[in-house]
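Some notes on the structure that comes next.
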Number of protein chains: 2
Amino acid sequence: MTEERQAKKREKILEGALRAFLRDGYAANMDVIAAEGGVAKQTVYTYFKDKETLFAALVDRLMERFVLAGMTAELMELEPPAFFRTMTQIALQRMDDPEYVGMIRMIIAESGRFPELADMYLTKLVRPGIESLAQYIRESPSLNFSDPEAVARIIHGALVNFMISQEILNGKYSMPMGRERLASSLLELVLFAAEQAKRAR
Amino acid sequence: MTEERQAKKREKILEGALRAFLRDGYAANMDVIAAEGGVAKQTVYTYFKDKETLFAALVDRLMERFVLAGMTAELMELEPPAFFRTMTQIALQRMDDPEYVGMIRMIIAESGRFPELADMYLTKLVRPGIESLAQYIRESPSLNFSDPEAVARIIHGALVNFMISQEILNGKYSMPMGRERLASSLLELVLFAAEQAKRAR
DNA sequence: TGAAAATCAGACTGCGTAGTATGATTATAC
DNA sequence: GTATAATCATACTACGCAGTCTGATTTTCA
């Protein structure tokens with residue numbers, strides 16, 4: 001049997017799991033997962049030991065997909081205004097991806113049952129993002145904040161929480177706010193503060 | 001039968017529910033909930049129609065507890081440095097309350113199954129907090145940001161997300177950062193930016 | 001004290017579902 | 001073209017759990 005064939009089956013299973021878990025969380029039904037993947041239930045169990053393993057594999061794979069979508073080299077070379085504008089826009093665009101949003105919800109929801117996933121999320125996605133951001137701040141002559149990493153966390157937190165309240169908690173209906181408003185104010189906050197920090201030296 | 005007696009029973013049930021739901025999420029077992037409350041299972045069902053009702057009642061009550069713990073009048077009268085320092089500290093102190101942290105996790109986790117709870121959280125806790133903050137910014141002569149509400153959301157988001165990553169996702173172990181660092185940088189960011197904004201006029 | 005209401009313990013029902021077993025069907029490879 | 005391995009459909013097992021029922025015990029209050 002071809003490895004390729006195995007890979008295809010595995011892929012179909014994960015596709016079914018993706019849809020079901022995204023819709024129903026960890027409570028998703030294994031029969032349904034198999035059906036959505038167009039695959040026999042038994043086959044699911046030949047590729048994955050049990051539900052936990054499948055869930056972990058799925059979230060893992062989902063995270064992998066978003067690892068690269070971070071800080072590129074060319075981004076890091078922009079001047080602060082363009083850099084923050086671009087970075088913010090990229091971060092906020094993720095709000096439109098139901099798979100990204102669903103992944104975040106699942107990680108938070110199951111952080112009790114699957115602490116390794118929460119850990120992986122922080123290690124693979126959050127930390128690198130914050131570190132790149134902090135590094136950019138640190139190395140920008142025009143931005144001299146006293147604690148670049150803390151500033152990076154503030155920026156990151158503001159963006160992530162905006163997504164959580166707007167998309168996960170449905171704030172886009174009950175307390176909507178355009179992304180541009182958030183983005184502009186964030187830009188204003190950071191650049192003005194940087195300007196003043198420079199002056200204060 | 002005394003109303004008071006009913007109230008006591010109801011209270012015991014909710015105490016059991018609190019512990020069980022906080023530990024196991026909505027997956028908590030009704031037998032266990034009754035046992036933890038020191039109450040017969042049947043009694044639970046005389047006070048609450050079903051599990052959903054009980055869960056909603058519990059989260060509702062939990063939110064009620066944190067509604068008042070917001071912006072007090074005297075806080076609003078402080079000058080910006082003291083105001084932000086105090087406000088930030090109050091917000092970050094909630095991280096030490098497992099009931100607060102657990103409530104947030106449950107609301108996010110069950111926002112699919114219980115959208116009304118997510119809505120209530122935004123309406124009763126988040127919006128008032130952001131509005132008070134925005135109002136303070138708007139009415140402070142020394143703070144003239146172009147969009148006070150957006151700035152309020154940024155500050156609020158940074159604080160909430162710090163709690164989520166540190167406490168819910170266990171970042172306090174894998175990527176720890178002291179609250180004072182976050183608080184100081186937030187203060188620096190806001191005050192410096194405000195200073196510059198004033199100058200820019 | 002005694003009748004009515006509330007609570008109790010615990011058994012029971014019904015259902016959903018994770019995981020397994022089976023025997024038939026299809027694809028792979030030599 | 002045949003043997004081998006993979007996949008399929010489906011039935012079955014075992015178990016956990018929400019919600020109900022019952023009959024005994026306790027509390028309330030007149």
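Since we're looking at a predicted model, the values are computed, not measured. In what follows, chains carry the letters A, B, and so on, assigned in the order in which the sequence lines appear, proteins first and then strands, with residues in each chain numbered from 1.
- Comparing A:A27 and B:T46 by the nucleotide of DNA chain C whose heavy atom lies nearest to each, the residue mapping closer to the 5' end is B:T46.
- A:E195 meets the side chain to side chain donor-acceptor pair (under 3.5 Å) test with no other residue; sequence neighbours excluded.
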Might you list the N or O atoms of the protein lying below 3.5 Å from N or O atoms in nucleotides 22-27 of chain C, with each pair's distance?
{"unit_1": "C:dA27", "atom_1": "O3'", "unit_2": "A:R5", "atom_2": "NH1", "d": "2.8"}

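- The stretch residues 15-25 of chain A has no heavy atom under 4.0 Å from DNA chain D, so no residue of it qualifies as close.
- Partners of A:D50 by side chain to side chain donor-acceptor pair (under 3.5 Å), not counting sequence neighbours, listed by chain and number: A:T53.
- In this structure, A:A28 reaches the sugar-phosphate backbone alone: every heavy-atom distance under 4.0 Å involves primed, P, OP1 or OP2 atoms, never a base.
- Atoms CD1 and CD, on B:I137 and B:Q135 in that order, are 11.0 Å from each other to the nearest 0.5 Å.
- Of all nucleotides listed (D:dG19, C:dA18, D:dC8), C:dA18 comes nearest to the side chain of A:Y45.
- Closest to the side chain of A:N29, from the set C:dT20, C:dT17, D:dA18, is C:dT17.
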Side-chain atoms of residues 98-109 of chain A: list all donor-acceptor pairs with protein atoms under 3.5 Å, sequence neighbours left out, distances to 0.1 Å.
{"unit_1": "A:E99", "atom_1": "OE1", "unit_2": "A:R65", "atom_2": "NH1", "d": "2.1"}
{"unit_1": "A:Y100", "atom_1": "OH", "unit_2": "A:R94", "atom_2": "NH1", "d": "3.2"}
{"unit_1": "A:R105", "atom_1": "NE", "unit_2": "B:S111", "atom_2": "OG", "d": "3.2"}
{"unit_1": "A:R105", "atom_1": "NH2", "unit_2": "B:S111", "atom_2": "OG", "d": "3.2"}

Enumerate donor-acceptor pairs with a distance under 3.5 Å from any side-chain N or O in residues 153-162 of chain A to protein atoms, sequence neighbours excluded.
{"unit_1": "A:R153", "atom_1": "NH1", "unit_2": "B:M175", "atom_2": "O", "d": "3.1"}
{"unit_1": "A:R153", "atom_1": "NH2", "unit_2": "A:E149", "atom_2": "OE2", "d": "3.4"}
{"unit_1": "A:R153", "atom_1": "NH2", "unit_2": "B:M175", "atom_2": "O", "d": "2.8"}

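- B:A34 comes within 4.0 angstrom of no nucleic acid atom, judged by non-hydrogen atoms across all strands.
- Taking five base pairs at each end of the helix from C:dT1-D:dA30 to C:dC30-D:dG1, the local helix axes there meet at an angle of 20°, rounded to 10°.
- For B:F21, the ring-ring contact (aromatic ring centres under 6.0 Å, His included) partners are B:F55, not counting sequence neighbours.
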May I have the list of side-chain donor-acceptor pairs in residues 79-88 of chain B shorter than 3.5 Å, sequence neighbours left out?
{"unit_1": "B:T86", "atom_1": "OG1", "unit_2": "B:A82", "atom_2": "O", "d": "2.6"}
{"unit_1": "B:T88", "atom_1": "OG1", "unit_2": "B:F84", "atom_2": "O", "d": "2.6"}

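- Partners of B:S146 according to the side chain to side chain donor-acceptor pair (under 3.5 Å) rule, which considers only residues two or more places apart in sequence or in another chain, are A:E188.
- As rounded to whole Å, 13 Å separates atom P of D:dA9 from atom NZ of A:K41.
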Which atom pairs, donor and acceptor, lie under 3.5 Å between side-chain atoms of residues 112-123 of chain B and protein residues at least two apart or in another chain?
{"unit_1": "B:R113", "atom_1": "NE", "unit_2": "B:E110", "atom_2": "OE1", "d": "3.1"}
{"unit_1": "B:T123", "atom_1": "OG1", "unit_2": "B:D119", "atom_2": "O", "d": "2.7"}

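- Not counting sequence neighbours, the partners of B:R179 by the side chain to side chain donor-acceptor pair (under 3.5 Å) test are B:D96.
- By the 6.0 Å and 45° rule, A:K51 stacks over the aromatic ring of A:Y26.
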